[in-house]
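Presented below is the structure to which this report refers.
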There are 2 protein chains.
Amino acid sequence: MENKTERFEKLLVKNGLKRTAPRLQVLEILSGRDSATSQPYLEQVMGKDADRVTLYRVLQAFEEKGIIHKVLDQQGTANYAICSDGCSAHEHHDEHVHFNCDNCHKIYCLDSVKIPALKVPTGFKVEHLNLIATGLCANCSDKVN
Amino acid sequence: MENKTERFEKLLVKNGLKRTAPRLQVLEILSGRDSATSQPYLEQVMGKDADRVTLYRVLQAFEEKGIIHKVLDQQGTANYAICSDGCSAHEHHDEHVHFNCDNCHKIYCLDSVKIPALKVPTGFKVEHLNLIATGLCANCSDKVN
DNA sequence: CTATATTTGCAACATAATTGCATTAACATG
DNA sequence: CATGTTAATGCAATTATGTTGCAAATATAG
């Protein structure tokens, strides 16, 4: 099996980004979680390993290259998840539903749930659809009920 | 025909809010626009008529009472629109699609477009759905093409 | 008109994001 | 593997955004 870090390094190179510590660290963290990761959380986990500004820039670069995608939760906080294959600098294909749990506040990418096509008024040209469901995730609905 | 300001005053009273200048002004501005209005825009338009803090509080009060609803655009900026009838302090019924124009950045409430029901993985309990479409609005797709 | 409770505006504070720039590190090249 | 070039980082300073406490002002019930 291919080494994870190795995969990340290739991913960076493929996108013309240098293989630096903060970038690899961000990829490690994001890949180790089952839900999207908030900017504040990343900041906290990275601690003094990287400057706050660097984190902003890493995330921005990754998003531009299509390595990660941003999801805003109901509070407007940015959350990031690694894109599935098929995203690129010019096109994001993250049109799956996101689920924002009211209890644990995690954001899940429901890759299996596609957003249904939509009929909009004449004149409007839909480019992307962004659907966020809120409620209780599988974990929390167990615990709460 | 009933006077607009009069209607707003009733709306405030009905919700136990006092009929103050900043509140009426916010309602005037919001009602005079065909799309949701961003917090920064409101701040700018109100200028020195009301303090920034007052605006925050007015918007917060209105949202709590179900007079307006908040929509976050793709940048995470708060935008506000007057609720259609049927919203109250305890329940918002703004589950229509919002359209965020990439060109003019306006946010339209597509009241006529309902969000289709969704099939989510076992365990997830959906409470609310929030669908934002991006692309070109009717105005801009005219001009651009 | 007056008493009372809300609401406002100000000031201070707290948090989040952005920019410019000098230093450092990656890596292509010879 | 030394080194020049370019990209990336970290720091400091700035700007933007949001929050809190409190005194003064104002809406409205009586």
Side-chain angles (χ1 to χ4, degrees), chain A residues 5-29 36-65 67-68 70-80 89 105, chain B residues 5-29 36-65 67-68 70-80 89 105:
Chain A
T5 306
E6 217 171 284
R7 255 196 306 120
F8 293 151
E9 296 183 347
K10 280 183 191 168
L11 187 59
L12 291 177
V13 172
K14 192 178 71 181
N15 285 284
L17 298 174
K18 289 183 179 172
R19 183 177 61 63
T20 69
R23 285 173 179 167
L24 287 169
Q25 199 183 353
V26 167
L27 290 175
E28 287 292 345
I29 295 172
T37 304
S38 73
Q39 212 272 345
Y41 177 88
L42 278 168
E43 202 170 312
Q44 188 208 310
V45 171
M46 312 248 311
K48 61 157 211 55
D49 292 349
D51 192 79
R52 226 160 54 82
V53 177
T54 300
L55 180 55
Y56 280 116
R57 292 193 272 223
V58 167
L59 293 171
Q60 186 186 302
F62 283 3
E63 202 191 356
E64 276 168 7
K65 299 295 186 178
I67 296 174
I68 61 178
K70 188 200 313 204
V71 196
L72 299 176
D73 67 19
Q74 296 314 92
Q75 283 75 245
T77 305
N79 286 254
Y80 296 91
H105 300 109
Chain B
T5 306
E6 217 170 284
R7 254 195 307 121
F8 293 150
E9 296 183 346
K10 280 183 189 167
L11 186 58
L12 291 177
V13 172
K14 192 178 70 181
N15 285 284
L17 298 173
K18 290 185 177 170
R19 184 178 60 64
T20 68
R23 285 172 179 168
L24 288 170
Q25 199 182 353
V26 168
L27 290 175
E28 288 291 347
I29 296 172
T37 303
S38 73
Q39 212 272 345
Y41 176 88
L42 278 168
E43 203 170 309
Q44 188 208 309
V45 171
M46 312 248 312
K48 60 158 214 51
D49 293 349
D51 192 81
R52 224 159 52 84
V53 178
T54 300
L55 179 56
Y56 279 113
R57 292 192 274 224
V58 166
L59 293 171
Q60 186 186 303
F62 282 3
E63 202 191 357
E64 276 167 8
K65 299 295 186 179
I67 295 174
I68 62 178
K70 188 200 312 207
V71 196
L72 299 176
D73 66 20
Q74 295 313 93
Q75 284 75 244
T77 305
N79 286 254
Y80 297 91
H105 300 109

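Below, chain A is the first sequence line, B the second, and so on; all start at residue 1.
Contact annotation for A:Pro22: backbone-only contact, meaning every heavy-atom pair under 4.0 Å involves sugar-phosphate atoms and none involves a base. Using a 4.0 Å heavy-atom criterion, one finds that A:Ala61 contacts no nucleic acid atom at all.
Atoms CG and CZ, from B:Leu27 and B:Arg7 in turn, are 10.0 Å apart once rounded to the nearest 0.5 Å.
Remark on DNA chain C: of its neighbouring residues B:Ala21 and B:Val53, the 5'-side contact belongs to B:Ala21, judged by nearest-heavy-atom nucleotide. Closest-nucleotide positions on DNA chain D for B:Glu43 and B:Val13 were compared, and the one nearer the 5' end corresponds to B:Glu43.
The shortest distance between the side-chain N/O atoms of B:Thr20 and the OP1/OP2 oxygens of C:dT8 is below 4.0 Å. Close to C:dT7, at under 4.0 Å from its OP1 or OP2, lies no side-chain N or O of B:Thr54.
Put simply, CG on B:Leu55 is 17 Å from P on D:dA16, counting in whole angstrom units. To the nearest angstrom, P of C:dA26 lies 10 Å from CG of A:Leu24. Spacing between atom CG of A:Leu59 and atom P of C:dT18 amounts to 11 Å, rounded to whole angstrom units. Atom CZ in B:Phe8 sits roughly 19 Å away from atom P in D:dA27 (whole-Å rounding). Following rounding to the nearest Å, A:Leu42 (CG) and C:dA17 (C1') show an atom-to-atom distance of 16 Å. Atom-to-atom, CG of A:Leu12 to C1' of C:dA26 comes out at 12 Å; the value is rounded to the nearest Å. Atom pair B:Gln25:CD and C:dT7:P shows a separation of 17 Å (rounding to whole Å applied). The interatomic distance linking B:Arg19 (CZ) with C:dA5 (C1') rounds to 16 Å, in whole Å.
Counting all heavy atoms, side chain and backbone alike, A:Leu72 lies closest to B:Gln74 at CD1-O, 3.6 Å.
Under the 3.5 Å distance criterion, with hydrogens and angles disregarded, a donor-acceptor pair is assigned to the side chains of B:Asp49 and B:Gln25. The closest side-chain donor-acceptor pair between A:Ser38 and A:Glu43, if any, does not fall under 3.5 angstrom.
Below the 3.5 angstrom threshold, one finds no donor paired with an acceptor across the side chain of B:Lys18 and the base of D:dT26. A donor-acceptor contact under 3.5 Å links the side chain of B:Arg52 to the base of D:dG18. Counting distance only, with no hydrogens placed and no angle test, the side-chain atoms of B:Arg57 and the base atoms of C:dG9 include a donor-acceptor pair under 3.5 Å.
Distance from the side chain of B:Gln39 is smallest to D:dG18 among C:dT8, D:dG18, D:dA8. Checked against D:dG10, C:dA17, D:dG18, the side chain of A:Asp51 finds its nearest nucleotide in D:dG10.
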Between A:Thr5 and A:Glu28, does the side chain to side chain contact (heavy atoms under 4.5 Å, CB included) criterion hold? Intermediate values first, please.
CA-CA 8 Å; A:Thr5 306; A:Glu28 287 292 345; 3.2 Å; yes
